[in-house]
Amino acid sequence: MSDPSEPPAFPSTAAALLPDGAMEGRVVVVTGGGTGLGLEISRGFAALGASVIVPSRSPENQAAFLEEARARGWKAAGYQLDVRESAEVRRFAEWVASEHGPADVLVNNAAGNFVCPAERMSANAWRAVLGIVLDGTFYCSKEFGKQMLASGGGAICNIIATYAWTGMAGVTHSASAKAGVLAMSKSLAIEWAGRGVRVNCVAPGPFESDGAKQNLWPSEEVEERIRSSVPMGRFAGREEVAAQVLWLCSDASRYVTGADITIDGGLSLGSGKMWEPGERFTRKRERSDT
Ligand code: COA
């Protein structure tokens, strides 16, 4: 049996978990899809045959994906976009429809986050994160949701975090925004269920991410503290998180809507430990005189 504390020898992309060509002919938009988790999601969809568009604020962040797509013959495009600007998002959605056709899949992955004590958080800092995560997710869902409703269906997957419901010290802005996205997803799921548009969430715990490393666990010590609190004893690989997104946006999950899938190695199950695996308790036998 494999050692559960070691990451599995995973296939090169999360795409290997679905049949070849499972996304052929689909138009997929992954916000922030050129770096980190977004890049892994984009690679997965592209490897399954989709046309993948990766909007992000900086063209440099799209370069690695577009270069890999050229080399592998994947269908891919970049677009410069700030998801906080509703008019920009509307123009982007029109461009996607005219250049590639209406979107079949939208992954709201773009995010901003940093640790900041609430009492020191400026209004701009609060707005920067709420703007990207909450406003951006709604603007994109609205514009691409309209295309999906008009074309007969589609799937939206929102990347949230388990602290959307547990809360987390130091990231009040992000936790509040992700909680809003969770409520938004369930509301849209109900509103659009009868018209073929599914809306789901993936809630990762800590996963390998340069952005998170820089902003959330900048020292080895903090990283180790977080890792040791995960029952599985490790962070998720980006491919393991991306695999859930691909599944939720594929036909394999066509009866799933309004769901949120936690992928956190057991972290959010709570850490109250009465007993450690392997620990032995000696049972004292009471003597009975009867
Ligand atoms: N701590 C405290 N405040 C911070 C901060 C930090 N680490 N980073 C940004 N802010 C504050 C800024 O000071 C500013 O507030 P002010 O005007 O009162 O000073 C406000 O947030 C906006 O910052 P700014 O950098 O001008 O905004 P932006 O829109 O260009 O970028 C982010 C905001 C969050 C997107 C940016 O910090 C970023 O790019 N982060 C890295 C990407 C990321 O977070 N990825 C997700 C990893 S989990």
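Nothing fancy with the numbering, it's 1 onward along the sequence. Values in this document were obtained by computation on a predicted structure and should not be read as measured data. Indexing begins at 1, ligand by ligand and atom by atom, following the structure's order.
Contacts of N124 with ligand 1, taken as heavy-atom pairs under 4.0 Å, involve both backbone and side chain.
The 12-atom threshold is not exceeded at CD of E67, counting heavy atoms of other residues, nucleotides or ligands nearer than 6.0 Å. For F138, the CZ atom counts as loosely surrounded, since its 6.0 Å shell holds 12 or fewer non-hydrogen atoms of other residues, nucleotides or ligands. Atom CZ of R127 has more than 12 heavy atoms from other residues, nucleotides or ligands within 6.0 Å.
Shown here, atom 30 (O) of ligand 1 is in close reach of the protein: a heavy atom of it lies under 4.0 Å off. There is a protein heavy atom less than 4.0 angstrom from atom 16 (P) of ligand 1. Distance check on atom 10 (N) of ligand 1: some protein heavy atom falls below the 4.0 Å cut-off. For atom 25 (O) of ligand 1, no protein heavy-atom neighbour is found at a distance under 4.0 Å. For atom 19 (O) of ligand 1, the protein comes within 4.0 Å by no heavy atom at all. Within the 4.0 Å cut-off (strictly below), a protein heavy atom is located near atom 4 (C) of ligand 1. Of the protein's heavy atoms, at least one falls inside 4.0 Å of atom 43 (C) of ligand 1.
In this structure, S228 OG and E224 CD are separated by 5.5 Å, a value rounded to the nearest 0.5 Å. Note that CG of N158 is 4.5 Å distant from CG of N108, once rounded to the nearest 0.5 Å. Here the OG1 atom belonging to T35 is positioned 12.0 Å from the CZ atom belonging to F65, to the nearest 0.5 angstrom.
Contact detail for S56 and G32: the closest heavy-atom pair is CB-CA, 4.3 Å.
Atoms of ligand 1 lying under 4.0 Å from any heavy atom of S122, numbered from 1 in the order shown and given with element: 15 (O), 16 (P), 18 (O). Within the listing of ligand 1, atoms 34 (C), 43 (C), 44 (O) sit less than 4.0 angstrom from a heavy atom of G112. With ligand atoms numbered from 1 in the order given, ligand 1 contributes 35 (C) to contacts under 4.0 Å with heavy atoms of I132. Of all atoms in ligand 1, listed by their number and element, those nearer than 4.0 Å to a heavy atom of A111 are 43 (C), 45 (N), 46 (C). Taking every heavy atom of A125 and a limit of under 4.0 angstrom, the matching atoms of ligand 1 come to 11 (C), 15 (O), 20 (C), 21 (O). In the vicinity of N215, heavy-atom distances shorter than 4.0 Å reach the ligand 1 atoms 41 (C), 43 (C), 44 (O).
The closest approach between a heavy atom of R84 and any atom of ligand 1 is below 4.0 Å. Judged by the shortest distance from any of its heavy atoms, R57 lies inside the 4.0 Å radius around the atoms of ligand 1.
In this structure, the ring of F92 has its center less than 6.0 angstrom from the ring center of F144.
F114 CD2, 4.0 Å is the protein heavy atom nearest to atom 37 (O) of ligand 1. Ranking protein heavy atoms by distance to atom 27 (O) of ligand 1, first place goes to A128 CB, 4.4 Å.
By the salt bridge (charged side-chain N to carboxylate O under 4.0 Å, His left out) test, E24 pairs with K75, sequence neighbours left out.
Looking at V171, V129, V133, N113 and measuring to atom 48 (S) of ligand 1, the nearest heavy atom belongs to N113.
No side-chain heavy atom of R57 sits under 4.5 Å from any side-chain heavy atom of Q80.
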Practice prompt. Test R90 against E94 for salt bridge (charged side-chain N to carboxylate O under 4.0 Å, His left out), laying out the working first.
Written response: CA-CA 6 Å; R90 196 174 325 117; E94 285 163 7; 5.7 Å; no
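A cation-pi arrangement is found for R227 relative to F235, the charged atom lying closer than 6.0 Å to the ring centre and inside a 45° cone about the ring normal.
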